[in-house]
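Shown next, in structure tokens, is the structure this report addresses.
Read the numbers this way: they start at 1 and go in the same order the structure lists the ligands and their atoms. Numbers here simply count residues along the sequence, with the first being 1.
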Amino acid sequence: MGNNVFKGRSLNVIADFSIAERRYFFKKVNELKKAIVTSDFKTQDKFRINDPDFGIYEVFIENSTRTKESFRNAAKFHHAKVSELITTGSSINKGESYADTFNTLSGYQNRMFIVRSTVEGLTKWLSEETERYCVRNGLPYKPSFINAGDGRHEHPTQELLDEFSFLEDTGMRFDSIHLALVGDLYHGRTVHSKTDGLKLFDNVKVDLIAPPELQMPDEYVEKMKENGFAVRSFGSIEEYLDQKDVALTWYFTRPQLERMGDKVLNKADKLRESIVFRKEFIDKIDKNTKFYHPLPRHKEHPTIPTWLDETSFNGWERQSINGYYCRIVLIGLLAGIIGDDFEPETSESGSVLDEKYIVEVDPGNNAPKNDESGYAEGMRPLWNGLVIDHICKGENPSEIREHMNSILHVLKLDEGRGGTWVGTGKDGKYKGLIVVPEYRDLDTKELKRLAAVASGATLNIIKDFKVIKKYRTHMPPRIYNFDDIACANPACITHPANSENVPNYFIRTKDNHFECAYCGKFHTFKEIWKR
Ligand code: CP
């Protein structure tokens, strides 16, 4: 049991499970599904928690049928203690924070929470908070959290059951998938989870079929490409079927037009026309095509019309049933009942956290001259002090000035002597310069803060008219522990509008964006400093 890598974990986003872990998971789901459909009770029992004191709590702050009920039935399969918080009657409505609410429930022997909410990143925050609560109170466990859908962000358990359903079609092979995503790709969290989810397959081709108003947000498309997927976009099913390379697996979603305001609602019929499957399309698709849908489908305007229910294209009913098997296995894994025979992959070496992002360089002969001949414009040389140079190089002067104000504030240089300057380098590009006319050395913490707020800059420490130390800063792999940073997504748990006082945390992406660790929103480096 001690080696079970799943026990006590949380599933906030699909990437919380490695590819190897998911492949193991699907093997177990396959075993369980067989045991249930063949009434093999002995095998079924191997998957059960079988502990009436093991508390599993459902907290659905947003509507649900499939996720909530399949989890409830899966929890009952385990012969565990199953509870539900009716949030409309809870003290959340008296202004209690989510942290206080879930800490309270954690104290009553509840080991697992299944949470759906419009607040993005909520379960990640709660898993961190309740762990601290349990430690503070000497409780011998930390609860697992399962994200059952958070706003537009992710739906990782839907992703697991989608992948399992696709794998049933490929004979559990992981070598390739060609998937058409059709519908509301803008708001749909199930399709957003595909960005990391489909990494399960070695070769991935994704066709995005939606009118521009409902197309996949750029950051997800960007991430898909970073993940090595071949991505194509089409404005309608009609346009898609006018070319030859059509996927055998189609994944439809419900248009969530209610979230898009009057302007879009006025053209709702036109938008739907692009993403509803029509009878005339049947002859243009392969007879082995399978249609999937996370459901619910709208009774008046389904993207998969009901006349398709009795056809061989119907994969969505089996997909929905698979949710039950997948959720039984997931609960069993996080409870540590299964997973002992999983061999974790060896951890990767050379983590980005080892990267040097503050580099001390030779101050060389670049010491300011004791006359003004070396200066093209503006600044007099310093006897003693700090010069931060090359700030926001190449950007426009107003952007540079705005960001220099952030730097002054973050580094607490906005009081006392000194100033900022926008000049041009030898290459003619604009750059910012901050001058502090007092000598002092910066400690490691201050240097890290400098790199976090002024990446790409150069710090010169000047004493007796000589540059005695020079540092170049690069983008750090993580930015956190600053009051001045903020995620721009109003639905994020960290956003002040949610009043949960969650500190911000950003992770650098491969293309030097910064991803919010809670809601996954991509920001440019400067966007995170625009609190
Ligand atoms: N697929 C899905 O999440 O359905 P529910 O909203 O009914 O849970």
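When each atom of ligand 1 is checked for a heavy atom of Pro294 under 4.0 Å away, the hits are 1 (N), 2 (C). Counting the atoms of ligand 1 from 1 in the order shown, those under 4.0 Å from a heavy atom of Thr65 are 5 (P), 7 (O), 8 (O).
For the pair His153/Val13, a side-chain contact is recorded, criterion being any heavy-atom separation below 4.5 Å from C-beta on. With contacts defined as side-chain heavy-atom distances shorter than 4.5 Å, the pair Tyr505/Ile479 does not qualify.
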Practice prompt. Kindly determine whether Phe252 and Tyr292 satisfy ring pair (Phe, Tyr, Trp, His ring centres under 6.0 Å), including the steps that lead there.
Written response: CA-CA 6 Å; Phe252 288 81; Tyr292 293 98; over 10 Å; no
Worksheet entry | Intermediate values then yes/no, side-chain contact (heavy atoms from CB on, under 4.5 Å), Phe514 and Glu527 | CA-CA 9 Å; Phe514 281 86; Glu527 276 167 352; over 6 Å; no
Practice prompt. With ring pair (Phe, Tyr, Trp, His ring centres under 6.0 Å) as the test, would you mind laying out the steps for Phe506 and His523 before giving the verdict?
Written response: CA-CA 9 Å; Phe506 293 94; His523 302 72; 5.1 Å; yes
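Remark: ligand 1 and Pro296 share no N or O pair separated by less than 3.5 Å (distance only, no angle test). Note: no N/O pair closer than 3.5 Å links Lys68 and ligand 1 by distance alone. Looking at Thr67 next to ligand 1, an N or O pair under 3.5 Å apart turns up.
If you look at Tyr240 and Phe234, their ring centroids are closer than 6.0 Å.
When the heavy-atom distances from atom 6 (O) of ligand 1 to Arg66, Arg116, Arg189, Arg254 are ranked, the shortest goes to Arg116.
Only backbone heavy atoms of Leu295 (N, CA, C or O) come within less than 4.0 Å of ligand 1; its side chain stays farther off.
Taking a 4.0 Å cut-off on heavy atoms, Glu69 fails to register as neighbouring ligand 1.
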